[in-house]
Amino acid sequence: MAEEKLSTRAENFSEWYNELVLKAELADYSPVRGCMVVRPYGWTLWENIQQALDKRFKDTGHVNAAFPLFIPMSFFEKEKEHVEGFAPELAVVTHGGGEKLEEPLVVRPTSETIIGYMYSKWIKSWRDLPVLINQWGNVVRWELRTKLFLRTTEFYWQEGHTAHATEQEAREETLRMLDVYADFAINEAAVPVLKGIKSETEKFAGAVMSTTIEAIMQDARALQSGTSHYLGQNFAKAFNIQFTDQNNELQYCHTTSWGLSTRMIGAIIMTHGDDQGLILPPRLAPIQVVMIPIFKNDAEKAAVQPVVNRIWQELKAAGIRVKVDEREGLTPGFKYNDWEMRGVPLRMEIGPKDVEKNSVALARRDKPGRDPQKPGAGGKSFVSQENLAASVSGMLVTIQAALLERATAMRDSHIRDPKNYEELKQVVQNDWAFSYWCESKACEAKVKEDTKASTRCIPLEGQPDHAGTCIVCGKPATRKVYFAKSY
RNA sequence: CGGGGUGUAGCGCAGUUGGUAGCGCACCGCGUUUGGGACGCGGGGGUCGUCGGUUCGAGUCCGACCACCCCGACCA
């Protein structure tokens with residue numbers, strides 16, 4: 001049950017987020033520190049994300065499998081950078097069945113190691129390649145500071161792991177999956193992400209190259225929303241993933257990995273939500289249309305209910321995710337607010353007047369219109385019951401497009417091009433800076449030191465056609481990078 | 001792991017010089033209501049975060065611990 005007002009985004013963005021996650025019943029705090037319980041409404045959203053991604057994975061030739069939750073500790077010691085990167089956040093099982101284990105088991109923080117081990121068993125010949133496997137699962141990273149969906153000790157995600165004969169193939173795969181993520185984020189979640197390459201300091205532990213989709217939240221902070229890595233032969237050498245090529249020569253594979261997690265739910269919340277609550281993109285929303293029957297007495301109820309039922313059937317038959325709010329004892333006004341909190345894209349009101357006029361009232365969540373006397377002011381409109389499924393479908397498409405458009409405008413308004421370093425230091429307090437960078441760790445570290453902003457990515461698109469000078473040190477630079485504060 | 005804050009009913013809070021726990025919302029029942037957060041009447045629900053100390057007596061005073069949240073160093 002929704003309670004009264006939320007904190008506003010302007011007052012305290014962080015509070016607003018926390019309250020919204022709880023009140024919209026997406027997730028709740030668990031008795032275990034840093035872990036979350038994903039509630040049915042949040043999980044359904046995740047299932048819709050899974051479906052949209054899984055289809056894209058299958059369409060690009062991948063198959064799903066499941067690897068163990070427990071990984072022998074020694075596996076982590078085989079790849080130097082990997083162990084250094086993950087050692088601080090490993091959860092380790094030392095006992096089982098009441099006895100101390102001979103070798104401790106790590107609860108997977110990511111599965112490169114155990115999958116690498118298995119790939120070395122499965123891959124013998126160039127004919128076995130490429131191997132294109134994805135896994136849906138949970139992982140554990142012992143985080144010091146957690147926040148629902150954005151960073152929790154345990155989280156849910158998918159991790160794709162592929163092995164290829166050549167560097168070129170593996171690099172192509174890395175970028176292909178980055179494109180899949182970007183396509184998903186933009187066209188399903190209406191989150192206008194920027195694709196790019198991570199700096200050396202920001203890349204995945206053990207990768208040769210990390211790529212990312214970066215999103216801008218309403219408070220202008222960056223959220224890394226998905227990553228795709230080219231791992232070179234690092235894991236192949238650590239785990240002996242070798243094959244015999246066409247010339248009968250033994251070669252190491254080139255591997256990739258790519259992941260997208262429940263953090264995406266946080267991205268959706270912080271991209272689209274308003275002070276009224278959640279706003280979900282129609283393509284992913286667990287409930288796309290909520291129907292509110294309105295009646296004052298039994299006679300009106302008798303008139304309204306059959307119409308509600310008929311329309312519900314029609315929408316359902318058309319493949320629309322629709323729910324009728326049949327709760328008794330609550331006023332329509334309360335229900336409006338309640339479903340707005342939960343972010344349902346479209347609300348349909350059906351009362352005696354609609355039955356009489358063969359119409360329904362439709363209210364768009366992305367354009368709250370609180371005064372029905374001023375239909376021009378908000379998103380409330382009255383449409384005929386004829387071809388209603390088509391009108392509703394059309395409106396859902398319109399809402400989806402409007403959300404992406406609004407989010408894109410928001411993103412663009414936050415990207416700035418400071419003229420010099422002094423200006424950059426100001427800009428990154430409330431915006432992103434898109435600046436030439438010499439790609440040295442020293443300059444990157446200096447920005448972080450001075451402003452707390454990090455490099456988010458060197459974007460793959462939108463690079464200038466001429467060289468420039470590093471915004472920090474003034475040395476020649478060929479590419480621009482985004483500097484921003486991040487989650 | 002450092003700094004700050006909070007722990008009293010499901011949630012938000014009050015609780016005086018220490019005297020045996022209360023308000024709002026939510027919940028349950030009945031009735032009236034219902035096109036933008038309804039109302040009346042009745043009802044249920046608390047070892048006051050934990051442990052210890054002071055005291056005739058502790059939600060209140062003292063100490064320790066624990067948990068969670070917020071802000072900083074690491075990360076999807």
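Labels below follow one simple rule: chain letters A, B, ... track the order of the sequence lines, proteins then strands, and each chain is numbered from 1.
Geometric assessment of Arg456(A) against the ring of Tyr482(A) yields a negative cation-pi assignment under the 6.0 Å and 45° thresholds. Annotation: cation-pi geometry satisfied between Arg141(A) and Trp157(A) (NZ/CZ under 6.0 angstrom from ring centroid, within 45° of ring axis). Geometrically, Arg347(A) engages Tyr336(A) in a cation-pi contact defined by less than 6.0 Å to the ring centre and at most 45° from the axis.
A donor N or O paired with an acceptor N or O is found under 3.5 Å between the base of G36(B) and the side-chain atoms of Glu340(A). The base of C75(B) is paired with the side chain of Arg151(A) by a donor and an acceptor separated by under 3.5 Å.
Side-chain proximity of Glu143(A) to C70(B), G37(B), C74(B): nearest is C74(B). Comparing atom distances between the Thr331(A) side chain and each of U34(B), C70(B), A38(B) picks out A38(B) as nearest. Listed nucleotides: G36(B), C75(B), C70(B). Nearest to the side chain of Arg347(A): G36(B). Of the candidate nucleotides C70(B), C75(B), G35(B), G35(B) has the atom lying nearest to any side-chain atom of Asp354(A). When the nucleotides G35(B), C71(B), C69(B) are ranked by their closest atom to the side chain of Asn18(A), C69(B) comes out on top. With U34(B), G36(B), G72(B) as the choices, the nucleotide that has an atom nearest any side-chain atom of Lys380(A) turns out to be G36(B).
The NE2 atom of His82(A) sits 13 Å away from the P atom of C75(B) (whole-angstrom rounding). Computed from coordinates, the Glu202(A) CD to C75(B) P distance equals 8 Å when rounded to whole Å. When rounded to the nearest whole Å, the span between CG of Asp219(A) and P of C70(B) equals 14 Å. Straight-line distance from the CD atom of Glu328(A) to the C1' atom of G31(B): 14 Å, rounded to whole Å.
At a threshold of 4.0 angstrom between heavy atoms, the contacts of Glu89(A) are confined to the sugar-phosphate backbone, with no base atom among them. Among the atoms of the strands shown, none is found under 4.0 Å from any heavy atom of Phe86(A). Contact annotation for Leu223(A): no contact, since no heavy-atom pair falls under 4.0 Å across all strands. Residue Thr152(A) is in base contact, counting any heavy-atom pair closer than 4.0 Å across all strands shown. Within 4.0 Å of Thr110(A), counting heavy atoms only, lies no atom of the nucleic acid at all.
No close placement of the Trp46(A) and Phe149(A) rings is indicated, their centers lying 6.0 Å or farther apart.
Using a 4.0 Å cut-off, some side-chain N or O of Lys147(A) falls inside it from OP1 or OP2 of C70(B).
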